[in-house]
Amino acid sequence: MSIADRLSQAIDARRDDLIALTQDLVRIPTLNPPGRHYHDICAFLDTRLTASGFACELVRATGAPGDGDAYPRWNIVARRDGRGTGECVHFNSHTDVVEVGHGWTTDPFGAELKDGRIYGRGTCDMKGGLAASIIAAEAFIATAPDFAGAIEISGTADEESGGYGGVAYLAERGYFDPGRVQHVIIPEPLNKDRICLGHRGVWWAEIETKGRIAHGSMPFLGDSAIRHMGAVLAEMEEHLLPLLAGKRTAMPVVPEGARQSTLNINSIHGGEAEPEPGFTGFPAPCVADRCRIIIDRRFLIEEGIDEVKGEVTEMMERVRAERPGFAYEIRHLHEVIPSMTDQNAPVVRSTAAAIERVLAKTPDFVCSPGTYDQKHIDRIGRLKNCIAYGPGILDLAHQPDEWIGVDDMVDSAKVMALVLAELLPSGG
Ligand SMILES: [Zn+2]
């Protein structure tokens, strides 16, 4: 029997184990924010993976954003060395889940199995993927105990809030250095027949227009920051947004609408603060002396961050040239560079071949409109051989009644196990 067939059998035999493991993980409510039960889930994974022959290390991201006595940022890195020297394949999953929200018809942390689906917060994003990678590794180790190289499995904190207490912290401490890890698979829910090569970049900034307060009955004595911002927004509509819409990318971003530069105005605030809840009086008449927007600019591998920032500065300067007294400030908040792994990189080729073998289908190559932990592995870890591949339907992430299909988890576990067989050959 071929190794692919033996791995397939070994995973089918673990189907109930895969379901139970997913349920156990979902029943630990690792909500972020604020970052609950991170130590509990690491301890659970420690027990499980130690029993499977992994050496486990629990790492607290001391001093990372959000870390403290109330909500410590715990991570686990588990490693299983083979009998011979070779490369290391690392499966990285985030253990945190987003808030529950409204509209559920099942218990969000009950992990109920119904009609071949497991329901609950974090089933699809991404405890189902984590469970699939563990079952894949265990089935591979049982089937090919003489493998060369190493398997690593990490469960990391805070991906949903930027990954600074998780993958970024580990990457800064060498856990993703190319000398230690050669291949990274992040089992985010991108569908079992798609390989995600990377993601667009991000720039967040706050733009403030300045004004001068005066009595609202004599607005000519003041200078309205809101009217100045109105001019900025008009300029943005007229010139900047059409410019961005015209920037197309070779990145295979899905959905199709995100295959270009985009800019979202996240919020706008100007003038008097919102009244406190319960206040029933009237506002006071004032000219707004400040107005602020937060922009969320998503950019392409073809664009540089300086160009992205420069376009916004140029827009502000065009407005200034036309408006007497116009003053503004741009405050940088956050940036992430785009990341895209080469389609010919070894982990991509192996995963594509495994998908063809297991699913009898040519995989689709995609990129994500938003970012995920690949940014840290690429920029801090300097590791370019990284993809996201895992079971689940991305659209269900963060939704009520989130679920993962058991068949999809089984299929993607078979793909992951076959990738291990190809990258970590036995004997030799
Ligand atoms: Zn996720």
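Remember, it's 1-based here, ligands and their atoms both numbered in the order they're listed.
Residue Asp125 approaches the Zn ion (ligand 1) most closely through its N/O/S atom OD1. Nearest N, O or S atom of Glu188 to the Zn ion (ligand 1): atom OE1.
In this structure, His376 has its ring center under 6.0 Å from that of Tyr164.
In this structure, a donor-acceptor pair under 3.5 Å is absent between the side chains of Thr249 and Gln260.
Not a single N/O/S atom of Glu159, whether from backbone or side chain, sits less than 2.8 Å from the Zn ion (ligand 1).
Side-chain N or O atoms of Tyr38 include none that pairs as donor or acceptor with a backbone N or O of Ala157 at under 3.5 Å.
For the pair Asp378 and Cys386, the minimum side-chain heavy-atom distance is 4.5 Å or more.
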